[in-house]
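Quick note on labels: first sequence line is chain A, next is B, and so on, each numbered from 1.
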There are 2 protein chains.
Amino acid sequence: MPSLRHTIADDLRGQIFTGRLKAGERLPSEPRLAADYKVSTPTLRNALSLLQAEGLIEKIHGKGNFVRHPLRRLTYTGGRLTPDADLHVTIRTTHLRARGDLIPLLKVPSRTPLTEFLYLTHQGQRPHSLARIYVPRDLGSAQLLWRRSGVEESRDKISARRPTPEEASTLRISSTLAVLSITRVSTDTTGRVVEAALLVLPSDRAEALFVTHNTANARGQYG
Amino acid sequence: MPSLRHTIADDLRGQIFTGRLKAGERLPSEPRLAADYKVSTPTLRNALSLLQAEGLIEKIHGKGNFVRHPLRRLTYTGGRLTPDADLHVTIRTTHLRARGDLIPLLKVPSRTPLTEFLYLTHQGQRPHSLARIYVPRDLGSAQLLWRRSGVEESRDKISARRPTPEEASTLRISSTLAVLSITRVSTDTTGRVVEAALLVLPSDRAEALFVTHNTANARGQYG
DNA sequence: GAGTGGTCTAGACCACGAG
DNA sequence: TCGTGGTCTAGACCACTCA
(Lines give C-alpha, C1' and ligand atoms only; values in the text may rest on other atoms or scores of the structure.)
Protein backbone atom coordinates (compact mmCIF):
# COMPACT_ATOMS: atom_id res chain seq x y z
CA MET A 1 0.00 0.00 0.00
CA PRO A 2 1.98 2.94 -1.30
CA SER A 3 1.51 6.21 0.52
CA LEU A 4 0.50 9.30 -1.39
CA ARG A 5 3.79 11.04 -0.80
CA HIS A 6 5.75 8.09 -2.19
CA THR A 7 3.50 7.91 -5.22
CA ILE A 8 4.04 11.60 -5.89
CA ALA A 9 7.78 11.35 -5.23
CA ASP A 10 8.00 8.39 -7.61
CA ASP A 11 6.20 10.33 -10.30
CA LEU A 12 8.40 13.41 -9.96
CA ARG A 13 11.51 11.25 -9.78
CA GLY A 14 10.48 9.63 -13.00
CA GLN A 15 9.98 13.01 -14.64
CA ILE A 16 13.47 14.02 -13.56
CA PHE A 17 15.12 10.86 -14.83
CA THR A 18 13.30 10.89 -18.14
CA GLY A 19 14.20 14.53 -18.65
CA ARG A 20 10.67 15.89 -18.63
CA LEU A 21 11.93 17.99 -15.76
CA LYS A 22 15.36 19.23 -16.71
CA ALA A 23 18.33 20.02 -14.52
CA GLY A 24 18.13 23.55 -13.16
CA GLU A 25 14.47 23.84 -13.99
CA ARG A 26 12.05 25.20 -11.45
CA LEU A 27 9.20 22.97 -10.38
CA PRO A 28 5.67 24.37 -10.24
CA SER A 29 4.92 26.04 -6.93
CA GLU A 30 3.88 23.85 -4.06
CA PRO A 31 0.24 24.97 -4.01
CA ARG A 32 0.19 24.37 -7.77
CA LEU A 33 1.61 20.84 -7.44
CA ALA A 34 -0.68 20.10 -4.52
CA ALA A 35 -3.66 21.03 -6.67
CA ASP A 36 -2.36 18.97 -9.60
CA TYR A 37 -1.93 15.88 -7.47
CA LYS A 38 -5.08 16.64 -5.49
CA VAL A 39 -3.37 16.50 -2.11
CA SER A 40 -2.87 18.97 0.69
CA THR A 41 0.24 21.11 0.75
CA PRO A 42 1.80 19.28 3.74
CA THR A 43 1.51 16.01 1.84
CA LEU A 44 3.00 17.53 -1.27
CA ARG A 45 5.83 19.02 0.75
CA ASN A 46 6.41 15.65 2.36
CA ALA A 47 6.87 14.16 -1.11
CA LEU A 48 9.34 16.88 -2.05
CA SER A 49 11.31 16.30 1.13
CA LEU A 50 11.89 12.72 -0.01
CA LEU A 51 13.41 13.95 -3.25
CA GLN A 52 15.42 16.51 -1.36
CA ALA A 53 16.89 13.82 0.89
CA GLU A 54 17.95 11.97 -2.25
CA GLY A 55 19.69 15.04 -3.55
CA LEU A 56 17.40 15.28 -6.57
CA ILE A 57 15.91 18.68 -5.87
CA GLU A 58 16.99 21.79 -4.06
CA LYS A 59 14.60 23.94 -2.12
CA ILE A 60 15.25 27.67 -2.13
CA HIS A 61 13.17 29.70 0.25
CA GLY A 62 11.26 32.42 -1.52
CA LYS A 63 12.22 31.21 -4.98
CA GLY A 64 11.02 27.67 -5.51
CA ASN A 65 12.05 24.05 -5.87
CA PHE A 66 14.69 23.29 -8.47
CA VAL A 67 15.92 20.15 -10.14
CA ARG A 68 19.54 19.68 -9.16
CA HIS A 69 22.24 19.33 -11.74
CA PRO A 70 23.69 15.88 -11.30
CA LEU A 71 27.18 16.47 -10.03
CA ARG A 72 30.19 14.46 -10.99
CA ARG A 73 30.83 11.43 -8.86
CA LEU A 74 34.34 11.53 -7.53
CA THR A 75 36.39 8.68 -6.21
CA TYR A 76 38.69 9.28 -3.30
CA THR A 77 41.57 6.88 -3.81
CA GLY A 78 44.47 6.54 -1.44
CA GLY A 79 44.61 10.13 -0.37
CA ARG A 80 43.59 11.89 -3.50
CA LEU A 81 40.44 12.67 -5.37
CA THR A 82 40.28 11.80 -9.04
CA PRO A 83 41.22 14.98 -10.85
CA ASP A 84 38.62 16.35 -13.16
CA ALA A 85 38.88 19.25 -15.54
CA ASP A 86 35.33 20.35 -14.81
CA LEU A 87 36.04 20.93 -11.19
CA HIS A 88 37.39 24.18 -9.89
CA VAL A 89 39.08 24.39 -6.54
CA THR A 90 39.44 27.44 -4.38
CA ILE A 91 41.80 27.37 -1.45
CA ARG A 92 41.62 29.67 1.50
CA THR A 93 44.55 29.73 3.89
CA THR A 94 44.10 30.66 7.50
CA HIS A 95 46.45 30.77 10.45
CA LEU A 96 45.08 29.56 13.73
CA ARG A 97 46.07 27.79 16.91
CA ALA A 98 45.30 24.23 17.91
CA ARG A 99 42.17 23.80 19.99
CA GLY A 100 39.44 21.27 20.55
CA ASP A 101 39.54 18.17 18.40
CA LEU A 102 42.59 19.37 16.52
CA ILE A 103 44.83 18.78 19.54
CA PRO A 104 44.50 14.98 19.74
CA LEU A 105 44.16 14.73 15.97
CA LEU A 106 47.48 16.39 15.29
CA LYS A 107 49.01 15.26 18.58
CA VAL A 108 50.18 18.78 19.37
CA PRO A 109 49.90 20.87 22.52
CA SER A 110 47.05 23.31 22.85
CA ARG A 111 47.53 26.59 21.00
CA THR A 112 50.22 25.20 18.69
CA PRO A 113 50.37 27.42 15.58
CA LEU A 114 48.68 25.72 12.64
CA THR A 115 47.85 26.50 9.06
CA GLU A 116 44.41 25.61 7.78
CA PHE A 117 43.79 25.10 4.08
CA LEU A 118 40.13 25.24 3.22
CA TYR A 119 39.49 23.51 -0.10
CA LEU A 120 36.19 24.25 -1.71
CA THR A 121 35.46 22.39 -4.92
CA HIS A 122 32.95 23.75 -7.42
CA GLN A 123 31.51 22.25 -10.56
CA GLY A 124 30.51 25.30 -12.53
CA GLN A 125 28.70 27.57 -10.09
CA ARG A 126 27.67 24.73 -7.84
CA PRO A 127 29.55 23.71 -4.72
CA HIS A 128 30.64 20.09 -4.90
CA SER A 129 32.62 19.13 -1.82
CA LEU A 130 34.93 20.56 0.75
CA ALA A 131 38.01 19.68 2.72
CA ARG A 132 39.93 21.21 5.57
CA ILE A 133 43.60 20.44 5.90
CA TYR A 134 45.64 21.28 8.96
CA VAL A 135 49.41 21.45 9.07
CA PRO A 136 51.67 22.46 11.97
CA ARG A 137 52.99 25.84 10.97
CA ASP A 138 56.62 25.05 11.75
CA LEU A 139 56.81 22.43 9.04
CA GLY A 140 57.93 24.79 6.32
CA SER A 141 56.52 26.51 3.27
CA ALA A 142 52.78 26.58 3.26
CA GLN A 143 52.56 26.71 -0.49
CA LEU A 144 52.56 23.09 -1.54
CA LEU A 145 52.93 21.55 1.81
CA TRP A 146 50.45 18.80 1.17
CA ARG A 147 52.59 17.52 -1.66
CA ARG A 148 55.63 17.11 0.55
CA SER A 149 57.34 13.82 0.78
CA GLY A 150 58.35 12.38 4.12
CA VAL A 151 55.00 10.85 4.85
CA GLU A 152 55.52 7.38 6.22
CA GLU A 153 52.01 6.35 7.15
CA SER A 154 48.52 7.60 6.52
CA ARG A 155 45.39 6.59 8.35
CA ASP A 156 42.02 7.15 6.71
CA LYS A 157 39.04 6.99 9.01
CA ILE A 158 35.76 6.92 7.16
CA SER A 159 32.31 7.40 8.52
CA ALA A 160 28.90 8.44 7.31
CA ARG A 161 27.00 11.19 9.04
CA ARG A 162 24.63 14.05 8.43
CA PRO A 163 26.21 17.36 7.54
CA THR A 164 26.54 20.08 10.13
CA PRO A 165 24.31 23.09 9.42
CA GLU A 166 27.35 25.00 8.19
CA GLU A 167 28.36 22.21 5.83
CA ALA A 168 24.81 21.89 4.57
CA SER A 169 24.60 25.56 3.67
CA THR A 170 28.11 25.75 2.24
CA LEU A 171 27.47 22.75 0.01
CA ARG A 172 23.84 23.68 -0.53
CA ILE A 173 22.65 20.21 0.37
CA SER A 174 19.78 19.05 2.49
CA SER A 175 20.65 18.35 6.10
CA THR A 176 19.12 14.91 5.51
CA LEU A 177 21.57 13.98 2.74
CA ALA A 178 24.37 12.00 4.34
CA VAL A 179 28.00 12.83 3.75
CA LEU A 180 31.08 10.65 3.69
CA SER A 181 33.40 12.03 6.32
CA ILE A 182 37.02 11.10 5.78
CA THR A 183 39.71 11.97 8.27
CA ARG A 184 43.19 11.35 7.00
CA VAL A 185 46.14 11.67 9.34
CA SER A 186 49.63 11.45 7.89
CA THR A 187 52.70 10.86 10.00
CA ASP A 188 56.39 10.91 9.19
CA THR A 189 59.00 8.32 10.15
CA THR A 190 59.25 9.70 13.66
CA GLY A 191 55.53 9.32 14.23
CA ARG A 192 54.95 13.03 14.13
CA VAL A 193 51.70 14.13 12.52
CA VAL A 194 52.53 16.05 9.38
CA GLU A 195 49.05 16.75 8.17
CA ALA A 196 45.43 16.10 9.04
CA ALA A 197 42.78 16.30 6.35
CA LEU A 198 39.06 16.41 7.01
CA LEU A 199 37.05 15.72 3.88
CA VAL A 200 33.32 16.19 3.59
CA LEU A 201 31.94 14.44 0.52
CA PRO A 202 28.17 14.44 -0.06
CA SER A 203 27.02 10.89 -0.53
CA ASP A 204 25.42 11.54 -3.91
CA ARG A 205 28.71 12.55 -5.50
CA ALA A 206 31.54 10.64 -3.91
CA GLU A 207 32.83 7.26 -2.94
CA ALA A 208 36.12 6.03 -1.57
CA LEU A 209 38.27 3.26 -2.96
CA PHE A 210 41.10 1.47 -1.23
CA VAL A 211 43.24 -1.18 -2.84
CA THR A 212 45.13 -3.64 -0.70
CA HIS A 213 47.83 -5.97 -2.00
CA ASN A 214 49.59 -8.83 -0.25
CA THR A 215 47.75 -11.85 1.00
CA ALA A 216 48.50 -11.41 4.67
CA ASN A 217 45.79 -8.89 5.39
CA ALA A 218 43.36 -10.07 2.82
CA ARG A 219 41.72 -12.86 4.72
CA GLY A 220 38.35 -11.72 5.75
CA GLN A 221 36.61 -12.11 9.02
CA TYR A 222 33.28 -10.44 8.93
CA GLY A 223 32.14 -11.13 12.46
CA MET B 1 15.19 31.36 15.91
CA PRO B 2 14.92 27.73 16.87
CA SER B 3 11.87 25.90 15.63
CA LEU B 4 9.59 24.15 18.05
CA ARG B 5 10.48 20.69 16.80
CA HIS B 6 14.19 21.32 17.31
CA THR B 7 13.60 22.67 20.78
CA ILE B 8 11.61 19.58 21.68
CA ALA B 9 14.14 17.26 20.05
CA ASP B 10 16.95 18.97 21.94
CA ASP B 11 15.10 18.53 25.20
CA LEU B 12 14.41 14.85 24.62
CA ARG B 13 17.94 14.27 23.39
CA GLY B 14 19.21 15.80 26.59
CA GLN B 15 17.00 13.52 28.64
CA ILE B 16 18.37 10.52 26.79
CA PHE B 17 22.00 11.53 27.21
CA THR B 18 21.62 12.39 30.87
CA GLY B 19 19.90 9.09 31.51
CA ARG B 20 16.54 10.53 32.58
CA LEU B 21 15.20 8.45 29.73
CA LYS B 22 16.94 5.11 29.87
CA ALA B 23 17.82 2.74 27.06
CA GLY B 24 14.91 0.49 26.19
CA GLU B 25 12.45 2.71 27.98
CA ARG B 26 9.19 3.70 26.35
CA LEU B 27 8.50 7.36 25.84
CA PRO B 28 5.11 8.78 26.79
CA SER B 29 2.60 8.47 23.99
CA GLU B 30 2.64 11.06 21.26
CA PRO B 31 -0.61 12.75 22.30
CA ARG B 32 0.73 12.80 25.86
CA LEU B 33 4.03 14.41 24.80
CA ALA B 34 2.22 16.84 22.51
CA ALA B 35 0.13 17.98 25.47
CA ASP B 36 3.18 18.26 27.73
CA TYR B 37 5.04 20.41 25.22
CA LYS B 38 1.86 22.25 24.25
CA VAL B 39 2.22 21.56 20.54
CA SER B 40 0.13 19.74 17.98
CA THR B 41 0.76 16.08 17.33
CA PRO B 42 2.30 16.64 13.86
CA THR B 43 4.84 18.99 15.40
CA LEU B 44 5.63 16.53 18.17
CA ARG B 45 5.99 13.74 15.63
CA ASN B 46 8.28 15.92 13.58
CA ALA B 47 10.52 16.31 16.62
CA LEU B 48 10.57 12.55 17.16
CA SER B 49 11.49 11.96 13.54
CA LEU B 50 14.64 14.01 14.08
CA LEU B 51 15.67 11.74 16.93
CA GLN B 52 14.78 8.72 14.84
CA ALA B 53 17.05 9.89 12.03
CA GLU B 54 19.86 10.16 14.55
CA GLY B 55 19.28 6.61 15.65
CA LEU B 56 18.35 7.68 19.18
CA ILE B 57 14.82 6.32 19.27
CA GLU B 58 12.94 3.53 17.59
CA LYS B 59 9.32 3.86 16.60
CA ILE B 60 7.20 0.72 16.82
CA HIS B 61 3.77 0.98 15.29
CA GLY B 62 1.06 0.15 17.80
CA LYS B 63 3.46 -0.03 20.74
CA GLY B 64 5.23 3.28 21.18
CA ASN B 65 8.52 5.10 20.86
CA PHE B 66 11.50 3.55 22.59
CA VAL B 67 14.94 4.78 23.51
CA ARG B 68 17.47 2.74 21.58
CA HIS B 69 20.23 0.86 23.28
CA PRO B 70 23.47 2.40 22.09
CA LEU B 71 25.14 -0.27 20.01
CA ARG B 72 28.81 -0.96 19.92
CA ARG B 73 30.77 1.03 17.40
CA LEU B 74 32.76 -1.30 15.18
CA THR B 75 35.75 -0.49 13.07
CA TYR B 76 36.15 -2.17 9.72
CA THR B 77 39.89 -2.44 9.19
CA GLY B 78 41.50 -3.94 6.16
CA GLY B 79 38.81 -6.44 5.42
CA ARG B 80 37.73 -7.41 8.85
CA LEU B 81 35.58 -6.03 11.59
CA THR B 82 37.02 -5.69 15.05
CA PRO B 83 35.97 -8.85 16.87
CA ASP B 84 33.87 -8.30 19.93
CA ALA B 85 32.72 -10.88 22.43
CA ASP B 86 29.36 -9.17 22.83
CA LEU B 87 28.49 -9.67 19.22
CA HIS B 88 26.87 -12.82 17.95
CA VAL B 89 26.99 -13.75 14.31
CA THR B 90 24.59 -15.98 12.48
CA ILE B 91 25.47 -17.20 9.03
CA ARG B 92 23.00 -18.44 6.49
CA THR B 93 24.34 -20.19 3.43
CA THR B 94 22.44 -20.15 0.17
CA HIS B 95 23.19 -21.52 -3.25
CA LEU B 96 22.20 -19.34 -6.16
CA ARG B 97 23.23 -18.38 -9.65
CA ALA B 98 24.86 -15.17 -10.79
CA ARG B 99 22.46 -12.50 -11.96
CA GLY B 100 22.17 -8.75 -12.05
CA ASP B 101 24.91 -6.78 -10.34
CA LEU B 102 26.68 -9.94 -9.24
CA ILE B 103 27.81 -10.69 -12.79
CA PRO B 104 30.10 -7.69 -13.28
CA LEU B 105 31.05 -7.70 -9.61
CA LEU B 106 32.38 -11.25 -9.68
CA LYS B 107 33.30 -11.10 -13.35
CA VAL B 108 31.51 -14.34 -14.07
CA PRO B 109 29.05 -15.34 -16.79
CA SER B 110 25.36 -15.13 -16.09
CA ARG B 111 23.97 -18.05 -14.09
CA THR B 112 27.35 -19.11 -12.74
CA PRO B 113 26.78 -21.17 -9.58
CA LEU B 114 27.55 -19.11 -6.48
CA THR B 115 27.40 -19.53 -2.75
CA GLU B 116 26.01 -16.69 -0.69
CA PHE B 117 26.91 -16.30 2.96
CA LEU B 118 24.54 -14.02 4.79
CA TYR B 119 26.16 -12.69 7.96
CA LEU B 120 23.82 -11.15 10.46
CA THR B 121 25.45 -9.66 13.54
CA HIS B 122 23.47 -9.20 16.74
CA GLN B 123 24.34 -7.49 19.97
CA GLY B 124 22.10 -9.24 22.46
CA GLN B 125 18.67 -9.37 20.85
CA ARG B 126 19.30 -6.36 18.67
CA PRO B 127 20.46 -6.57 15.07
CA HIS B 128 23.70 -4.70 14.58
CA SER B 129 24.89 -5.02 11.01
CA LEU B 130 24.84 -7.35 8.06
CA ALA B 131 27.00 -8.59 5.25
CA ARG B 132 26.52 -10.67 2.16
CA ILE B 133 29.47 -12.58 0.78
CA TYR B 134 29.48 -14.24 -2.61
CA VAL B 135 31.90 -16.91 -3.73
CA PRO B 136 31.99 -18.84 -7.01
CA ARG B 137 30.87 -22.32 -6.06
CA ASP B 138 33.65 -24.12 -7.90
CA LEU B 139 36.32 -22.64 -5.64
CA GLY B 140 36.23 -25.45 -3.13
CA SER B 141 34.85 -26.11 0.30
CA ALA B 142 32.25 -23.61 1.30
CA GLN B 143 32.99 -23.98 4.98
CA LEU B 144 35.72 -21.47 5.60
CA LEU B 145 36.16 -20.26 2.11
CA TRP B 146 36.49 -16.64 3.12
CA ARG B 147 39.57 -17.49 5.16
CA ARG B 148 41.35 -19.00 2.21
CA SER B 149 44.71 -17.71 1.21
CA GLY B 150 45.51 -16.97 -2.38
CA VAL B 151 44.05 -13.48 -2.34
CA GLU B 152 46.40 -11.16 -4.14
CA GLU B 153 44.45 -7.94 -4.19
CA SER B 154 41.38 -6.54 -2.50
CA ARG B 155 39.45 -3.48 -3.51
CA ASP B 156 37.21 -1.79 -0.98
CA LYS B 157 34.65 0.61 -2.39
CA ILE B 158 32.97 2.69 0.27
CA SER B 159 29.92 4.85 -0.07
CA ALA B 160 27.20 6.28 2.11
CA ARG B 161 23.58 5.77 1.24
CA ARG B 162 20.18 5.23 2.76
CA PRO B 163 19.24 1.66 3.55
CA THR B 164 16.92 -0.25 1.28
CA PRO B 165 13.53 -0.99 2.87
CA GLU B 166 14.65 -4.58 3.43
CA GLU B 167 17.87 -3.51 5.13
CA ALA B 168 16.00 -1.00 7.26
CA SER B 169 13.60 -3.61 8.55
CA THR B 170 16.26 -6.30 9.00
CA LEU B 171 18.44 -3.94 10.99
CA ARG B 172 15.47 -2.20 12.58
CA ILE B 173 16.78 1.22 11.68
CA SER B 174 15.05 4.26 10.30
CA SER B 175 15.15 4.59 6.55
CA THR B 176 16.60 8.05 7.16
CA LEU B 177 19.63 6.75 9.05
CA ALA B 178 22.47 6.45 6.55
CA VAL B 179 24.54 3.32 6.23
CA LEU B 180 28.14 2.80 5.22
CA SER B 181 28.09 0.51 2.24
CA ILE B 182 31.35 -1.34 1.68
CA THR B 183 31.94 -3.53 -1.34
CA ARG B 184 35.07 -5.59 -1.11
CA VAL B 185 36.24 -7.56 -4.11
CA SER B 186 39.17 -9.94 -3.69
CA THR B 187 41.10 -11.37 -6.61
CA ASP B 188 43.82 -13.98 -6.83
CA THR B 189 47.09 -13.77 -8.74
CA THR B 190 45.37 -14.55 -12.02
CA GLY B 191 42.93 -11.69 -11.60
CA ARG B 192 40.06 -13.99 -10.94
CA VAL B 193 37.51 -12.78 -8.42
CA VAL B 194 37.62 -15.08 -5.43
CA GLU B 195 35.07 -13.35 -3.27
CA ALA B 196 32.84 -10.33 -3.17
CA ALA B 197 31.59 -8.98 0.13
CA LEU B 198 28.81 -6.46 0.52
CA LEU B 199 28.73 -4.93 3.97
CA VAL B 200 25.96 -2.76 5.31
CA LEU B 201 27.00 -0.89 8.42
CA PRO B 202 24.59 1.60 9.99
CA SER B 203 26.34 4.91 10.38
CA ASP B 204 25.71 5.16 14.12
CA ARG B 205 27.70 2.03 14.86
CA ALA B 206 30.49 1.65 12.38
CA GLU B 207 33.42 3.34 10.73
CA ALA B 208 36.13 2.14 8.41
CA LEU B 209 39.85 2.54 8.87
CA PHE B 210 42.55 2.11 6.26
CA VAL B 211 46.23 2.40 6.94
CA THR B 212 48.63 3.15 4.11
CA HIS B 213 52.38 2.86 4.36
CA ASN B 214 55.05 3.96 1.89
CA THR B 215 55.53 7.54 0.84
CA ALA B 216 54.72 7.05 -2.80
CA ASN B 217 50.98 7.15 -2.49
CA ALA B 218 50.79 9.37 0.51
CA ARG B 219 51.05 12.71 -1.19
CA GLY B 220 47.71 14.29 -1.15
CA GLN B 221 45.89 16.11 -3.83
CA TYR B 222 42.53 17.17 -2.65
CA GLY B 223 41.21 18.79 -5.79
C1' DG C 1 3.55 44.08 -2.75
C1' DA C 2 3.13 39.63 -4.87
C1' DG C 3 4.66 35.05 -4.80
C1' DT C 4 7.34 31.64 -2.83
C1' DG C 5 8.65 28.16 0.68
C1' DG C 6 8.78 27.25 6.24
C1' DT C 7 6.28 26.22 10.27
C1' DC C 8 2.45 25.01 12.85
C1' DT C 9 -2.45 23.84 14.21
C1' DA C 10 -6.51 20.88 15.32
C1' DG C 11 -8.45 17.83 14.00
C1' DA C 12 -9.98 13.07 10.95
C1' DC C 13 -9.36 8.38 9.73
C1' DC C 14 -6.53 4.11 9.12
C1' DA C 15 -3.29 0.25 10.61
C1' DC C 16 -0.92 -2.20 14.05
C1' DG C 17 -0.18 -4.57 18.77
C1' DA C 18 -1.74 -6.66 22.90
C1' DG C 19 -5.12 -8.32 26.01
C1' DT D 1 -11.69 -3.67 22.08
C1' DC D 2 -8.50 -0.14 23.20
C1' DG D 3 -4.39 2.48 22.86
C1' DT D 4 -0.69 3.15 19.95
C1' DG D 5 1.66 5.23 15.96
C1' DG D 6 0.93 6.40 10.48
C1' DT D 7 -1.13 9.31 7.15
C1' DC D 8 -3.56 13.08 5.53
C1' DT D 9 -6.45 17.40 5.41
C1' DA D 10 -7.45 22.46 5.05
C1' DG D 11 -6.31 25.80 6.48
C1' DA D 12 -3.28 29.98 9.29
C1' DC D 13 0.65 32.81 9.80
C1' DC D 14 5.61 33.94 9.17
C1' DA D 15 10.04 34.65 6.43
C1' DC D 16 12.42 35.13 2.28
C1' DT D 17 13.13 36.80 -2.72
C1' DC D 18 12.43 39.84 -6.27
C1' DA D 19 10.40 43.49 -8.80
Identify whether any heavy atom of [X] sits under 4.0 Å from a base atom; if not, whether one sits that close to sugar-phosphate; answer base, sugar-phosphate or nothing.
X	answer
N65(A)	sugar-phosphate
P42(A)	base
R32(B)	nothing

Are any of the side-chain nitrogens in E167(A) or R161(A) under 4.0 Å away from the carboxylate oxygens of its partner?
yes

Among the candidates [options], find the nucleotide nearest to the side-chain atoms of [X].
X	options	answer
R45(A)	dT7(C), dT4(D), dC16(D)	dT7(C)
P31(A)	dG5(C), dC8(C), dG6(D)	dG5(C)
S3(B)	dC8(C), dC8(D), dG6(C)	dC8(C)
R26(A)	dT4(C), dG5(D), dA10(C)	dT4(C)
H61(B)	dC8(C), dG5(D), dG6(C)	dG5(D)
S29(B)	dG5(D), dT9(D), dG17(C)	dG5(D)
L4(B)	dG6(D), dC8(C), dG5(C)	dC8(C)
T41(A)	dG11(D), dT4(C), dA18(C)	dG11(D)
R5(A)	dC8(D), dA10(C), dT7(C)	dC8(D)

Between atom [atom1] in [X] and atom [atom2] in [N], what is the gap in whole Å?
X	N	atom1	atom2	result
L33(A)	dG3(C)	CG	C1'	15 Å
L51(A)	dG5(C)	CG	C1'	16 Å
N46(B)	dT7(D)	CG	P	13 Å
L44(B)	dG5(D)	CG	P	9 Å
K59(B)	dC16(C)	NZ	P	16 Å

A quick test of your reading: do over 12 heavy atoms of other residues, nucleotides or ligands sit less than 6.0 Å from CZ of R172(A)?
no

Tell me if the CZ atom of R99(B) is crowded by more than 12 foreign heavy atoms within 6.0 Å.
no

Between T43(B) and dT7(C), is there a side-chain N or O to OP1/OP2 distance below 4.0 Å?
no

Please state whether the phosphate of dC18(D), meaning OP1 or OP2, lies under 4.0 angstrom from any side-chain nitrogen or oxygen of K63(A).
yes

Working to the nearest 0.5 Å, report the span between OG of S186(A) and CD1 of I133(A).
9.5 Å

Does a side chain donor of either T43(A) or R5(A) reach within less than 3.5 Å of an acceptor in the other side chain?
no

